[in-house]
Each structure stands twice: as C-alpha cells, then as structure tokens.
Amino acid sequence: MLKGILNVAHDLLEDSIENGEFVIDATCGNGNDTLFLSKVTGDDGHVLAFDIQDQAIKNTKQLLKENSQNNVTFIQDSHANISDYVATEQQIGGAIFNLGYLPRSDKSIITKGKSTKTAINTILHHLKKGGLIVVVVYHGHDGGKEEKEALLKYVSSLEQKAFTVLRHGFVNQQNDPPFILAIQKRR
Ligand code: SAH
C-alpha cells in the first residue's frame, strides 16, 4: 500500500538525518514529530522544538517525558525567530513543519505564509548539504489557502542549482488533503 503523508514525511527525514545531528521541529503541536526526531538523532543529537502555543509545548513535553527522551529544547516562540536560538556556525541536519492549527484546539491560531517563509529561509542557511526541510502543508482551514499559495510561490522561486524541491500528495482525495513540500539543499 502507498504510505500516508505523515509516514512519507518521516521516511524522507529518516533517510537524510544522521544520529548525533542538530534538527528542528518548527511546529511541535502534539509532539509526534518531535518524538520522532528525538529518536532519530539520539542521545548525541539535539532537537529544537518550536510552537507559539503553551498547550502545544505542554503536550510535546509530556509526550517526550513519557518516552524518556531528553535531547529536546522546547521554545515557546514563533519559528520566525529561529535565528535567535541557533548559533551562527550551527549546522542543521533537517527540519519539519506541520502547518495549520493544533488539532482539537483553537482554529484561529494558525501558521502563516510570511512567518513560515522566514523560518524556512533561516533554516536553509544552516542546513547541511543534502539535508531536507519537510513541510506538511495543511490548507483546508480558513487562512490555509493563502499560506499554501505563498509557499508554492516561494519554493518555486528557489534557485534550481542550489535546491531541489519535491511536491508529494494524493490527487483524488476529498477535503483538501495535506501534501508534502520537501526542500533539499544541493550545495
Ligand atoms: N495540521 C496539523 C497540525 C498542525 S499543528 C495536523 O492536523 O496534524 C501546527 C502548530 O503550529 C500549532 O500547534 C500552532 O500553535 C503552531 N504555530 C502556529 N504559528 C506558529 C509560529 N509562527 N511559530 C511556531 N509555531 C506556530
């Protein structure tokens, strides 16, 4: 069977992140991606987990605690400010974004094109050669279409010699299914 979007997102990162690397979950939400990244990078690695919502940081902390994972720093701030938390010379092994709103929570707190682009741009500067930023684009909610359009425009404009951009998604699903944008740094 074809794998679902979230499994593909994880497969892409698992294939490109090495144990011991420094990685970013830009929208930690309920913590599933943070937990995954924490396991992939291991005791010698480190995860920075961002979310603007207190509830998301709490949920993620709890999940990581239950799984006895200790290599995560939790940051309640916009991912637009990632540069405030990453040293100039720090290399980033990979990153993930899950866009939209926190499931079962306030649907008015959503990721937005401008801040998402700022965050991606910052991470691209630090990303290792061959590294990936995987963005799971949810766009069925209010405000989702604007963010999707802004992101597609932005990633389409990335220089082909420097970056490879993949779009992966199902084409016959109802209700605006999420899709993946994966940006790989080539040099
Ligand atoms: N739509 C996904 C989950 C997305 S969670 C699903 O259905 O599984 C998205 C998270 O991004 C939310 O927890 C929200 O608080 C967070 N968020 C929104 N804007 C943000 C920003 N500027 N910086 C960091 N996190 C943000």
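First listed ligand is number 1; within each ligand, the first listed atom is number 1. Count residues from 1 along the sequence.
Not a single N or O atom of Phe50, backbone or side chain, sits closer than 3.5 Å to an N or O atom of ligand 1.
Which parts of ligand 1 touch Pro103 is read off a 4.0 Å heavy-atom cut-off, strictly below it: atoms 3 (C), 6 (C), 7 (O), 8 (O). Distances below 4.0 Å separate heavy atoms of Thr111 from the following atoms of ligand 1: 11 (O), 17 (N), 18 (C), 19 (N). For ligand 1, the atoms closer than 4.0 angstrom to any heavy atom of Ile110 are 18 (C), 19 (N). Heavy-atom contacts of Gly100 reach the following atoms of ligand 1: 9 (C) (cutoff under 4.0 Å).
Contacts between Asn30 and ligand 1 below 4.0 angstrom, taking non-hydrogen atoms only, are absent altogether. Only the backbone of Ala26 comes within 4.0 Å of ligand 1, counting heavy atoms alone; no side-chain atom from C-beta on gets that close. Residue-level proximity to ligand 1 for Thr116 is absent, since no heavy atom of it falls below 4.0 angstrom. With a 4.0 Å heavy-atom cut-off, ligand 1 is reached by the backbone of Ser78 and by its side chain too.
Protein heavy atom closest to atom 3 (C) of ligand 1, with residue, atom name and distance, is Tyr101 O, 3.5 Å. Looking only at protein heavy atoms, the nearest one to atom 2 (C) of ligand 1 is Tyr138 CE1, 3.5 Å. Ranking the protein heavy atoms by distance from atom 1 (N) of ligand 1 puts Leu99 O, 2.9 Å first.
Across the listed options Ile5, Ile52, Asp106, Ile52 owns the non-hydrogen atom lying nearest to atom 19 (N) of ligand 1. Looking at Glu147, His79, Lys114, Gln55, it is His79 that brings a heavy atom closest to atom 21 (C) of ligand 1. Of the listed residues (Asp25, Ile109, Thr27), the one carrying the non-hydrogen atom nearest atom 11 (O) of ligand 1 is Thr27. Counting only non-hydrogen atoms, the option in Val136, Val137, Asp51, Asn98 that gets closest to atom 14 (C) of ligand 1 is Asp51.
Cation-pi geometry between Arg186 and Phe163 is not satisfied (NZ or CZ under 6.0 Å from the ring centre, within 45° of the ring normal).
Residues Ile57 and Ala49 come closest through the heavy atom pair CD1-O, 4.2 Å. Taking both residues in full, the closest heavy atoms of Asp54 and Gln76 are given as N-NE2, 3.1 Å, listed atom of the first, atom of the second, then distance.
Side-chain N/O atoms of Thr27 and Asn98 include no donor and acceptor closer than 3.5 Å. No side-chain N or O of His46 forms a donor-acceptor pair with one of Thr41 less than 3.5 Å apart.
The residues Lys128 and Glu21 are annotated as salt-bridged, a charged nitrogen and a carboxylate oxygen being separated by less than 4.0 angstrom.
The aromatic rings of Tyr101 and His141 sit perpendicular, their planes meeting at an angle over 60°, well past the 30° parallel limit.
Residues His10 and Phe36 bring their aromatic ring centres within 6.0 Å. A centroid separation of less than 6.0 Å is found between the aromatic rings of Phe97 and His79.
Residue Leu181 forms a side-chain contact (heavy atoms from CB on, under 4.5 Å) with just one option from Ile133, Leu152, Val134, Leu166, and that option is Leu152.
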